[in-house]
Trainee: 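Pasting a structure below so you can have a look.
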Amino acid sequence: MKNKLVFLKIFLPPVICLIIITMVKIGIDYYPLSFGLVIGIANWKQYKYSPYIGVVISLIISYVAFFIAYASLPVFIELFKFLNINYREVLPIVISSFIIAPLLVFVFYKYLFLFAKSKLTVYIMLCSIISLVIIFCTTVWYHKLTMFKYEFNEALNPYTLWQVIMALAIQLIINQGVFKKE
């Protein structure tokens, strides 16, 4: 019974994020709202503060990471134009959305939730960021090759998968103590 609860605690938030995005068809500007709420409510007993304040802070963290990444995008676009770097249409998005935003989410949530700092935490963070970058680059390559355009609310969209991968990573980090006890 305990294993089923742990399984649900870890895998239910990513599934809920996926369902919200694909079924409700929310716009990308509401992605931080759904992500912050799902992570906030799923980890109700894991906060350093009271749960109600924790959910509000989770929402704030989600939006701050989103807007910092969004604001850094034009900076990187101009920087890569100035430096005349190849792939200047892809690299700014990779850096802002798939490296900076996840790092900010991890760093900010570290101050909100109770979880152990371990090598496993670092591995989960690295694997999730590398996965996000690979998924985005593969998607860009595939769409350039096939001239196929996708919708933002599709399950295999890199921004949808961003939420799924990040929710899974955060749940694994928060619940890593369960793996060490067994």
Side-chain angles (χ1 to χ4, degrees), residues 13-14 16-22 24-43 54-113 115 121-144 149-174:
I16 291 172
C17 285
L18 182 66
I19 289 170
I20 289 172
I21 291 172
T22 56
V24 180
K25 304 272 189 211
I26 61 174
I28 195 165
D29 47 338
Y30 292 106
Y31 281 23
L33 176 67
S34 67
F35 184 78
L37 278 176
V38 169
I39 295 300
I41 293 170
N43 297 296
V55 171
V56 171
I57 294 173
S58 177
L59 283 169
I60 292 169
I61 287 170
S62 186
Y63 268 104
V64 166
F66 177 82
F67 284 121
I68 289 175
Y70 188 72
S72 70
L73 186 59
V75 173
F76 287 114
I77 289 171
E78 290 303 316
L79 178 67
F80 291 136
K81 277 184 189 175
F82 175 73
L83 296 175
N84 198 18
I85 294 177
N86 291 340
Y87 305 107
R88 58 180 166 256
E89 66 275 356
V90 175
L91 282 176
I93 297 171
V94 167
I95 292 170
S96 66
S97 299
F98 298 98
I99 296 174
I100 291 175
L103 283 174
L104 289 172
V105 168
F106 286 132
V107 169
F108 292 154
Y109 276 138
K110 178 178 80 172
Y111 295 107
L112 181 62
F113 293 113
F115 61 84
T121 302
V122 174
Y123 292 140
I124 291 169
M125 292 167 68
L126 282 173
C127 287
S128 62
I129 291 172
I130 290 168
S131 298
L132 290 170
V133 170
I134 289 171
I135 287 168
F136 181 74
C137 291
T138 303
T139 304
V140 168
W141 173 76
Y142 174 75
H143 292 295
K144 282 187 176 185
K149 299 296 178 196
Y150 58 85
E151 296 290 323
F152 265 118
N153 297 328
E154 289 181 353
L156 294 179
N157 175 313
Y159 297 101
T160 304
L161 291 174
W162 187 101
Q163 277 205 16
V164 173
I165 291 169
M166 289 301 295
L168 179 62
I170 290 168
Q171 292 306 107
L172 286 170
I173 290 170
I174 290 172

Trainee: Indicate the atoms forming the closest heavy-atom contact of Pro32 with Leu59, along with that distance.
Mentor: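 Shortest heavy-atom separation between Pro32 and Leu59 comes out as O-CD2, 4.4 Å.
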Trainee: Can any side-chain N or O of Ser97 pair as donor or acceptor with the backbone N or O of Val94 at less than 3.5 Å?
Mentor: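 Here the side-chain-to-backbone pair does not exist.
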Trainee: Within this structure, what is the OH-OG distance for the pair Tyr123 and Ser128, rounded to the nearest 0.5 Å?
Mentor: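 Interatomic distance, Tyr123 OH to Ser128 OG, rounded to 0.5 Å: 14.5 Å.
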Trainee: Which heavy-atom pair separates Tyr109 from Gly36 by the least distance, and what is that distance?
Mentor: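 Shortest heavy-atom separation between Tyr109 and Gly36 comes out as OH-CA, 4.0 Å.
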Trainee: Using 0.5 Å steps for rounding, measure from the OG atom of Ser72 to the CG atom of Leu79.
Mentor: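 Spacing of OG (Ser72) from CG (Leu79) equals 11.0 Å.
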Trainee: Ignoring hydrogens and angles, tell me if any N or O in the side chain of Ser62 forms a donor-acceptor pair with the backbone of Ser58 under 3.5 Å.
Mentor: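 Flag not set: sc Ser62 to bb Ser58 has no pair under 3.5 Å.
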Trainee: Specify the closest pair of heavy atoms between Leu18 and Thr160, including all atoms of both residues, with the distance to one decimal.
Mentor: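 Leu18 and Thr160 have their closest heavy atoms at CD1-CG2, 3.6 Å.
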Trainee: For a 4.5 angstrom cut-off between non-hydrogen side-chain atoms, does Ile39 reach Met166?
Mentor: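 No, their side chains stay 4.5 Å or more apart.
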Trainee: Which value, rounded to the nearest 0.5 Å, describes the distance between Leu103 atom CG and Ile68 atom CD1?
Mentor: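 So the CG of Leu103 and the CD1 of Ile68 are separated by 12.0 Å.
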Trainee: Can you list the residues that meet the ring-ring contact (aromatic ring centres under 6.0 Å, His included) rule with Tyr63, with sequence neighbours excluded?
Mentor: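 Once residues adjacent in sequence are excluded, the partners of Tyr63 under the ring-ring contact (aromatic ring centres under 6.0 Å, His included) criterion are Phe67.
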Trainee: Less than 4.5 Å apart, any side-chain heavy atom of Phe35 and any of Ile170?
Mentor: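 Phe35 vs Ile170: side chains touch.
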Trainee: How many angstroms lie between CG in Leu37 and CD1 in Ile20, if you round to the nearest 0.5 Å?
Mentor: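 The CD1 atom of Ile20 is 7.5 Å from CG of Leu37, to the nearest 0.5 Å.
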Trainee: Please report the closest heavy-atom contact between Leu132 and Pro102, naming both atoms and the distance.
Mentor: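 Nearest heavy atoms, Leu132 then Pro102: CD1-CG, 3.7 Å.
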Trainee: To the nearest 0.5 Å, what is the distance between CD1 (Ile129) and CD1 (Ile124)?
Mentor: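 Taking CD1 in Ile129 and CD1 in Ile124, the distance rounds to 12.0 Å.
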Trainee: What verdict does the side-chain contact (heavy atoms from CB on, under 4.5 Å) test give for Tyr70 and Ile28, after you've listed the backbone C-alpha separation in whole Å, the side-chain angles of each residue and the deciding distance to 0.1 Å?
Mentor: CA-CA 11 Å; Tyr70 188 72; Ile28 195 165; over 6 Å; no
Trainee: Between the side chain of Gln163 and the main-chain N/O of Tyr31, is any donor-acceptor distance below 3.5 Å?
Mentor: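 Yes, Gln163 side chain to Tyr31 backbone: donor-acceptor pair under 3.5 Å.
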Trainee: Are the side chains of Ile135 and Ile165 in contact, using a 4.5 Å heavy-atom criterion?
Mentor: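 Sidechains of Ile135 and Ile165: in contact.
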Trainee: Under the side-chain contact (heavy atoms from CB on, under 4.5 Å) test, which residues partner Phe108, sequence neighbours left out?
Mentor: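 Per chain and number, Phe108 pairs via side-chain contact (heavy atoms from CB on, under 4.5 Å) with Ile61, Val64, Leu104.
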Trainee: Quick check: do Ile173 and Phe113 have side-chain heavy atoms less than 4.5 Å from each other?
Mentor: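 Not touching, per the 4.5 Å side-chain cut-off.
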Trainee: Find the distance between CG (Leu161) and SG (Cys17) and round it off to the nearest 0.5 Å.
Mentor: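 Answer for the CG-SG pair, Leu161 versus Cys17, is 11.5 Å.
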Trainee: Which heavy atom in Val38 sits nearest to a heavy atom in Pro13, and how many Å separate them?
Mentor: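 Taking Val38 first and Pro13 second, the nearest heavy atoms are CG1-O, 3.5 Å.
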Trainee: If you take all heavy atoms of Phe98 and Pro158, which pair is closest and at what distance?
Mentor: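 The answer is CE2-O, 3.8 Å.
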